[in-house]
Undergrad: 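Quick one: this structure, given as structure tokens, is what I'll be asking you about.
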Amino acid sequence: MFAKSFAKSSAKASAKARAGSSLPGQDPVWEALAEGARRTGTGPTRLVDWLPMDEPGPMLVREPRRSGASGLAARPWTWIESLVLAAYALVVALGLTWHEPWADEAQAWLLARDSGWWHMMLHGIRYEGSPGLWHSLLWVLVRLHVSYAGMHWVSAAVAAAGIWVLLRYSPFPLLLRILLPFGFWLAYQDAVVARSYVLFAVLAFTAAAMLRSWMHPGAYPKLPRLFGLAAVLGLMANLSVHGFVASLGFALVALAVLRRKSRAGVPARWALPALVLCAFWIVAVATTLPTSDQSFIAGRNFEKSIARVEAIAGYHRAAADHTMNVTERNDVRPGELTPAGPDEHNWTARQALWHKVARVLALVTFPLSNFRILALLACVLALLQAWRTRERPGPVAVPVPSAAPAPLGWVGLLPWALMVLVFTSLYFSPRHAGMLWTAFLASLWLTWPTVPAATRRGQWLRHATVAALVLVAADQIWWTAHAVWADVHRPYSGDRAMAEFLRKEPPGTRIAGFYYFTVGPAAWFRHAIYFNQPHAYWLWSRNVRTTQQAPATIATHPDVIVVGRMQEGLRDGNISDDWVKPDPPSLSPFSLGDRYRIIPYAETQGYRVTHSFCGHSFMRDGWAEELCQVALEPQR
């Protein structure tokens, strides 16, 4: 039967060839073989699946299907991908079952629970140092009667969606696609811990898949797909400051891809999608700009960065006024406690320069591996691989329909490189490093070679890059195992334990809470539990002086005083710890970060510590911060 099908197909193909009607890039003999294979299911239907790609010379392939040229080029879904996704879901579920949420998870939840949407977007989140996409999602979940614990399962589902995109559309070899989902950032920090960063992977991977599909020589980025990319990048910009920077990087990549299409004679109508994206960016900026009375660390850092720009531009008076404004935040009013002074770093010029260099290096190495040389090697190999696939100068070739996308080159590294550049001076905590890792994977996605290298040097580079990434992934899998095991056996924070302790108190108990971290236990209650705080969430405003006015509050003799604080670890408490050995005295100038020394003051007023619940925010193969809740009660 196959012989008869082959004979008929061969005759038809020969007739088309004699009539001069065969399409460019097609071979009549191969068309006959492919037609017979399609009918009988006996083998591949593209010449690219048969010919070795390392051989130089012209390549004859079939014209791709219309869906492959205009949409996302999905790989076949097999039992291996199903098994990986199921195993990933199991790992995340295991971590979630024992995870104790901490203050940052509670703060966003409480703000969404206790605010109207317009008030939250126009007022509340401007004190958070972050746009409002995550808070809007939580606002919807609250109105759908999803509980605080249920929020974490929604977060896990979003993380699993990102892994599905990775498995379905990424160009990485099978071994990497099996290992990468189980890395610490994707499987724990940005999945088990419910923060806005969990949305970054699904958005960044989707953007990378869309842009890579447009790199097909025969692909035509139609207007609906341009609007789709604008929406994805716009949502990304409204995640956080990190997402905003990554959105800019992806937009530059899209501009480069559309420019290549235009040079090749395939223009795209991108003006309206660009306006849509700019509208998203404007919303992100408008909701992130800090208020004049904010006291959030990211907001202070943002204002310091503005002052540097003003000073560089010559506006020394404005910069001086700004510095004065920052200094006035530490004012002490009558009857208030005096905070401990900031740490003094008496660095020499050489030491200050080394700390700046160490921060840049840490932004590169911290998200990848705690083996610094391995992390640097993986980044260098990725850069070299992207450089080898860059667009060479010369005449623009006429696009020939192909099953493989054209290489993008170093331009594809912009989402990751731009984040590294920007956050050398902006506030960046270890818990944010997962977004850098995800941006690194998305950049690799865009720059990954489409066909095997034709030279021995190129083959060696490809194998070395894969080997380095395998080692990095293996190191991160160990981090995941450590974090999940630790979460099962030890508390992540003391928030849930403190909530259970307070729930046992009799009705009418007057509870006073001090410091931001007291929002952690408050999230487990349906009502505000601290009589001295104006909201269940913490308002980062200098006009809300809950902590400073501790003497007046303690003078009313509360039944329970809750002090929630954190203290940085000696290894992973700061990303620069990879390259600069931390100084223990500078990390713990006062016990549990009690800057206003509320615990010693309360003890002088007849209170004593009766309960202390502590946990550790697991980070890589260690921990970043000790998170504690301390309860004080009157001495009997």
Side-chain angles (χ1 to χ4, degrees), residues 97-107 109-110 148-149 193 337 340 486-533 535-538 546-569 587-618 623-636:
T97 303
W98 278 272
H99 176 66
E100 293 87 1
W102 74 296
D104 273 12
E105 298 172 78
Q107 170 74 355
W109 174 261
L110 290 171
Y148 181 47
V193 181
L337 295 177
D487 221 349
V488 170
H489 292 84
R490 302 198 304 269
Y492 188 94
S493 74
D495 297 356
R496 184 186 294 176
M498 176 59 75
E500 293 174 354
F501 163 74
L502 296 177
R503 201 180 299 276
K504 297 176 182 177
E505 292 294 311
T509 300
R510 297 176 69 251
I511 305 172
F514 297 103
Y515 295 117
Y516 160 73
F517 289 87
T518 54
V519 301
W524 294 99
F525 294 84
R526 295 183 179 274
H527 54 85
I529 60 175
Y530 306 117
F531 72 86
N532 64 321
Q533 296 185 17
H535 313 283
Y537 59 87
W538 188 268
T546 301
T547 301
Q548 294 92 324
Q549 294 174 353
T553 302
I554 294 175
T556 65
H557 306 291
D559 299 311
V560 180
I561 296 175
V562 178
V563 177
R565 292 303 291 157
M566 72 89 175
Q567 193 156 303
E568 289 184 357
L587 293 178
S588 54
F590 27 79
S591 177
L592 289 178
D594 187 4
R595 186 183 178 196
Y596 285 85
R597 301 182 178 89
I598 291 178
I599 295 177
Y601 178 83
E603 289 175 336
T604 63
Q605 303 301 310
Y607 286 83
R608 64 183 180 89
V609 175
T610 58
H611 297 82
S612 180
F613 307 102
C614 290
H616 296 85
S617 59
F618 312 118
W623 52 275
E625 298 153 341
E626 185 178 17
L627 305 170
C628 290
Q629 301 289 342
V630 177
L632 297 94
E633 297 178 281
Q635 294 182 0
R636 304 298 181 187

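Here the structure is a predicted model, which means the values were calculated and not measured.
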Undergrad: Flag the pair V560 / L502 as yes when at least one side-chain heavy-atom distance between them is below 4.5 Å, and no otherwise.
TA: yes

Undergrad: Does a side-chain heavy-atom distance below 4.5 Å link P521 with Q629?
TA: yes

Undergrad: When you measure from the side chain of R503 to the backbone N and O of F525, does any donor-acceptor pair fall under 3.5 Å?
TA: no

Undergrad: To the nearest 0.5 Å, what is the distance between CZ on F531 and CZ on R510?
TA: 4.0 Å

Undergrad: Verify, without hydrogens or angle tests, whether E105 (side chain) and W102 (backbone) share a donor-acceptor contact under 3.5 angstrom.
TA: yes

Undergrad: CG/D487 to CH2/W98 distance, rounded to the nearest 0.5 angstrom?
TA: 10.0 Å

Undergrad: Compute whether any side-chain donor of one residue and acceptor of the other, for T546 and Q533, lie under 3.5 angstrom apart.
TA: no

Undergrad: Could you tell me whether the side chains of Y601 and D594 share a donor-acceptor contact shorter than 3.5 Å?
TA: no

Undergrad: Can you say whether the rings of H611 and F501 are parallel (under 30°), tilted (30 to 60°) or perpendicular (over 60°)?
TA: tilted

Undergrad: Determine whether a donor-acceptor pair (N or O, by modelled atom type, separation under 3.5 Å) exists between the side chain of S493 and the backbone of G615.
TA: no

Undergrad: Determine whether T610 and R608 make a side-chain contact, defined as any pair of heavy atoms from C-beta on separated by less than 4.5 Å.
TA: yes

Undergrad: Are E633 and E505 close enough that some pair of their side-chain heavy atoms sits under 4.5 Å apart?
TA: yes

Undergrad: Report yes if some heavy atom in the side chain of M566 is under 4.5 Å from a heavy atom in the side chain of Y516; otherwise report no.
TA: no

Undergrad: Check whether any side-chain heavy atom of P558 lies under 4.5 Å from a side-chain heavy atom of I511, and answer yes or no.
TA: no

Undergrad: Take the angle between the ring planes of Y492 and F618 and call it parallel below 30°, perpendicular above 60°, tilted in between.
TA: perpendicular

Undergrad: Rounded to the nearest 0.5 Å, how far does CD of E603 lie from CD of Q605?
TA: 11.0 Å

Undergrad: Given 3.5 Å as the limit, does a donor-acceptor pair link the side chain of Q107 with the main chain of W538, or not?
TA: yes

Undergrad: Assess R565 against Y515: is NZ or CZ under 6.0 Å from the centre of the six-membered ring, and within 45 degrees of the ring's axis?
TA: yes

Undergrad: Hey, are the side chains of L627 and S617 touching, using non-hydrogen atoms and a 4.5 Å cut-off?
TA: yes

Undergrad: Determine whether V630 and F613 make a side-chain contact, defined as any pair of heavy atoms from C-beta on separated by less than 4.5 Å.
TA: no

Undergrad: Can you tell me how far apart CD1 (I561) and OG1 (T518) are? Round to the nearest 0.5 Å.
TA: 12.5 Å

